[in-house]
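Read the structure below first, then the notes.
Residue numbering restarts at 1 for every chain, and letters A, B, ... go by the order of the sequence lines. Only heavy atoms go into these numbers, but all of them, side chains included; no hydrogens, no water, no symmetry mates.
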2 protein chains.
Amino acid sequence: MSGIELLRRIAQPGDGRIVLLVLDGLGDLRTRQQPRTALETARTPNLDALAAAGALGRIVPVAQGVTPGSGPGHLALFGYDPTSAEADIGRGALEALGVGVDFGPGDVVARGNFATLDADGRVADRRAGRISTEENRRIVAVLDRALREAAGEGRIRDLAVSVHPGEGHRFVLLLEGPELSPAIADTDPQEVGAPPAALEARDEAARGTVERLAPALRVMAEALRDEPRANGFLLRGFATLPHLPTLAELYGLTAGCFAGYPLYRGAARLSGMELVDCGQAFGELVDGARRRWRDFDFLFLHVKDPDKAGEDGDLEAKARALEAIDEGLPELVALLDEERDVIAVTGDHSTPAPMRAHSWHPVPLVVRGPFCFVDDETAFTETAAARGHLGTILSRELMGLLLANAGRLAKYGA
Amino acid sequence: MSGIELLRRIAQPGDGRIVLLVLDGLGDLRTRQQPRTALETARTPNLDALAAAGALGRIVPVAQGVTPGSGPGHLALFGYDPTSAEADIGRGALEALGVGVDFGPGDVVARGNFATLDADGRVADRRAGRISTEENRRIVAVLDRALREAAGEGRIRDLAVSVHPGEGHRFVLLLEGPELSPAIADTDPQEVGAPPAALEARDEAARGTVERLAPALRVMAEALRDEPRANGFLLRGFATLPHLPTLAELYGLTAGCFAGYPLYRGAARLSGMELVDCGQAFGELVDGARRRWRDFDFLFLHVKDPDKAGEDGDLEAKARALEAIDEGLPELVALLDEERDVIAVTGDHSTPAPMRAHSWHPVPLVVRGPFCFVDDETAFTETAAARGHLGTILSRELMGLLLANAGRLAKYGA
């Protein structure tokens, strides 16, 4: 029996709420050049108090040595095996879900960038001068009109193509129709000075999709031709929608997502969470959680800032981001009923400042609930976490611990 | 997805070299009678310096409580699941590979001992008075002539039988031909005073093989009859060659083996390593590694001495063996580029002196690379290793960590 099947089998209703606070890219490194991690550098009295009142441990996102993307990192935290075929999900699909594009099994999505092309049709700016989201919406409306007109005239056939605005220069392309394949190469050359790549099938099965899609892309190119900045577009990450059993189906959880970024919202939506509208700052997420507290059994909050600072290689900024979260933490913790609710704080992966990238290193974890072992650790750091009572577990094992602490798992066997 | 499939999928080229130094039987025990382990007894300033500069942890060779043979112990270190069907490999096959016998899928090999038989045909000395390797080669040439003559006369049919010298009294028997089965019982009675066992099939499928092989064994027995010491031979461990994907196929690694003993060379060859000719002493292995440093991405060095001393129950000898290795360690470490190369020191299993045998106990591990977490541990001992940042992992999980540290794994998922 897989881990998720076991939990599904013994899941039971309970009163305890579960709060999962994900500090993106939380874990960090000690190296010769950087003798202290971000958590060791930051002053975090409230996280430390949580550590003192709860149990520490570490999570390994996917497997030893494996650096996860944000999709697998989050799906594992929600209890799914990120290496299973069903959880093998393109970023395009996750972001499309995250910006609220409604699509179903069989449909194909891709991530799009509006871009600036020079007179020779080469990419001059991959982000079209970082146009505003309002500008994006205006351009999407132009494209929408052109695509509908072309479809009406029979220039696009056996395929419904639509464009959906994201943040800034980003959009989602949605294809609906029979027998679609996502095995299509990116048209994004990923560099300035090169022209967008031609639309190409990566296997036989995708040829029909490419043939039907090509006229629509020509219509889009034509419609953008006279735009001052967004006179072109780049596509990548063609993908179909996977099906995962939801947290409601698996564990009977009514789950809410408090996250500002499309990718994390997409992962949450895939697991059946309701996407609550709120900002991206930690305080806004906490406000949202307070407002909707009674509506959910499971609240997922996602803060992006530590990962951003880690990717910039900026230890100080990462420490400051952690301090800002720490400062707002008591307001979140105050929502919990200490007698029955559970809170876990961890990350989807490490983003050590010395690496300026995601990494494979274990991520600190603290869990506080009525039946957590109060271990000897009183600081929320990588080294304290390595000594904690929870030990080092896989991310996908965390959900079982949280359900148990919330009184939501029955005894297994007689 | 299995661990090895996952790693294969995300493996990428990289500049970092990986050095895996295996101290055979490294781990030891504290018992009431032996209050200090070999590592705690030995003075090992250079291993300790490596521990201070890197991350400590422990490996469990196969599974909790499972004592591995040297074959599974090493295959796991190379990243293979030692309990998988494809890695279930007879010692005969490993040693045959290790002495350089060229054989392919479908061929059958067995390990042979030259032995002294008494006038009644009973085993008087299972090792023929430990004849020299030169004497061995002379005898093998005699057998080779006899076998070829018999084949030419049609006394051996539908089967090519050849004999290959090993070290001292050891040889390898190789059978080539159609439809061979390795399900053949040992003829080695494993005791003095008993006659060699008759050649017997262990199942239906092996009957044909036994019938074809029996005449060849009679030819060999006849050819040895007048030898003064090696007037008989004992066979054990009939096996076929398994197929494992090589480290080149899996991870794009060009790998070299620096090991003096056939068994470890065999395991290395099975994983596709080039077997570099060098001696058995640690200094000789390091000399070999220095000479061939630029030819390999992955260098496996194997030192037998700690295991030998452990098997003799000689704690002092084991500690001295570790001190000798420690003394030579700086020369090996000096070969590494600190900015990108990775070195791991561990064992294939524990051989605690109080047990005089392999055991199941976790084995200390130290890894030093540019992105290892520099933990608080500064001594290379069993107890420090239990507190280290790497935690306790399975041997087969080590390869992922080493590849990651060498920059040879891409991010998994978007």
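The salt bridge (Lys or Arg N to Asp or Glu O under 4.0 Å) analysis of residues 19-29 of chain B, with sequence neighbours excluded, yields the pairs Asp28(B)-Lys318(B).
Atom CG in Asp376(B) sits 5.5 Å away from atom OG1 in Thr383(A) (nearest 0.5 Å). Rounded to the nearest 0.5 angstrom, Asp88(A) CG and Met1(B) CE are separated by 6.0 Å.
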Side chain to side chain contact (heavy atoms under 4.5 Å, CB included) between Phe373(B) and Thr31(A), intermediate numbers included: CA-CA 6 Å; Phe373(B) 194 106; Thr31(A) 62; over 6 Å; no
Determine whether Arg9(B) and Thr83(A) satisfy the following criterion, side chain to side chain contact (heavy atoms under 4.5 Å, CB included), listing intermediate values before the conclusion. CA-CA 11 Å; Arg9(B) 181 162 152 181; Thr83(A) 70; over 6 Å; no
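Within residues 52-72 of chain B, no residue approaches chain A closer than 4.5 Å by heavy atoms. Residues of residues 259-271 of chain A lying within less than 4.5 angstrom of chain B, judged on heavy atoms, are absent.
Chain A forms the most heavy-atom pairs under 4.5 Å with one residue out of Leu7(B), Leu390(B), Leu398(B), Asn405(B), and that residue is Asn405(B). Annotation: maximal heavy-atom pairing with chain A below 4.5 Å, among Cys372(B), Pro370(B), Ser2(B), occurs at Cys372(B). The candidate with the highest count of non-hydrogen atom pairs below 4.5 Å against chain B, out of Ser84(A), Pro352(A), Pro82(A), Ala87(A), is Pro82(A).
Proximity to chain A (any heavy atom under 4.5 Å) is shown, for Leu403(B), by neither the backbone nor the side chain. Proximity to chain B (any heavy atom under 4.5 Å) is shown, for Thr392(A), by neither the backbone nor the side chain. Contacts between Ser359(A) and chain B at a heavy-atom distance below 4.5 Å are absent for every atom of the residue. Contacts between Glu338(B) and chain A at a heavy-atom distance below 4.5 Å involve the side chain alone, from C-beta outward.
For Arg111(A), the side-chain hydrogen bond (donor to acceptor under 3.5 Å, both in side chains) criterion is met by Glu95(A), not counting sequence neighbours.
Looking at every heavy atom in both residues, His361(A) comes nearest to Phe371(B) through NE2-O, 2.6 Å.
More than 12 non-hydrogen atoms from other residues, nucleotides or ligands lie less than 6.0 angstrom from CD of Glu311(A).
No side-chain donor-acceptor contact under 3.5 Å links His389(B) to the backbone of Glu382(A).
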